[in-house]
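Computed from heavy atoms alone, side chains included, the values below leave out hydrogens, waters and symmetry copies.
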Amino acid sequence: MYKRVMGRKSPTVGNIEYKKGKTIEEEHCNFRVYDPCANGLHVFPTKELADNWQDGDETIRVKVNIMDFVAIPASGDGKVRVKRLKVMD
């Protein structure tokens with residue numbers, strides 16, 4: 001999985017820093033599939049989808065356990081919402 005970041009921080013929630021080896025968790029995730037930009041950590045299944053996202057200046061690789069998937073938004077943009085991830089690079 002891949003995450004788009006800006007200066008190793010979330011482009012939308014600036015207080016989340018994505019350092020290699022760090023596990024990041026979002027406690028208040030939105031499980032509704034018709035809310036495309038809701039609470040949760042948004043990741044992409046491919047680097048190409050992440051690279052095409054408008055926000056951010058870098059794409060990083062993250063690891064997500066299948067049990068941490070929250071929603072696949074119906075917007076069709078390829079994003080997946082998760083509650084926990086580990087930064088791999």
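- Hydrophobic clustering keeps L49 apart from F69 (ILVMFWY residues linked when any side-chain heavy atoms are closer than 4.5 Å, directly or through intermediates).
- Residues M6 and V62 do not share a hydrophobic cluster, defined by chaining ILVMFWY side chains whose heavy atoms lie under 4.5 Å apart.
- V43 and V87 fall within a single hydrophobic cluster, where Ile, Leu, Val, Met, Phe, Trp and Tyr are joined by side-chain heavy atoms under 4.5 Å apart, directly or via other members.
- Of the inter-residue distances, the one linking I16 atom CD1 with L41 atom CG reads 6.0 Å to the nearest 0.5 angstrom.
- Taking CG from N52 and CG from D77, the interatomic distance works out to 11.5 Å, rounded to the nearest 0.5 Å.
- Distance CG/D89 to NZ/K63: 13.5 Å, rounded to 0.5 Å.
- Judged purely by atom type and a 3.5 angstrom limit, K22 uses its side chain to pair as donor or acceptor with the backbone of E17.
- V5 and W53 are members of different hydrophobic clusters when ILVMFWY side chains are connected at heavy-atom separations under 4.5 Å.
- One distance of note links NZ of K86 with NZ of K20; it measures 10.0 Å at 0.5 Å rounding.
- E26 CD to D68 CG: the interatomic distance, rounded to the nearest 0.5 Å, is 12.5 Å.
- Looking at R8, its side chain does come within 3.5 Å of a backbone N or O of Y18 through a donor-acceptor pair.
- R81 is listed as a side-chain neighbour of N30, based on a closest heavy-atom distance under 4.5 Å.
- Using a 4.5 Å cut-off between side-chain heavy atoms of Ile, Leu, Val, Met, Phe, Trp and Tyr, with links allowed through other members, I72 and L85 fall into the same hydrophobic cluster.
- Between F44 and M1, every side-chain heavy-atom pair lies at or beyond the 4.5 Å cut-off.
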message: Let's go through D51 and R4 carefully: what are the C-alpha distance in whole Å and the side-chain angles of both, what is the deciding distance for salt bridge (charged side-chain N to carboxylate O under 4.0 Å, His left out) to 0.1 Å, and is it a yes or a no?
response: CA-CA 7 Å; D51 286 343; R4 192 76 174 153; 3.7 Å; yes
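- Closest non-hydrogen pair, A50 versus Y2, comes out as CB-CB, 3.9 Å.
- With values rounded to the nearest 0.5 angstrom, K83 atom NZ is found 11.0 Å from E27 atom CD.
- Of all the heavy atoms in C29 and G40, the pair that sits closest is SG-CA, 3.9 Å.
- Taking both residues in full, the closest heavy atoms of P11 and G56 are given as CB-N, 4.1 Å, listed atom of the first, atom of the second, then distance.
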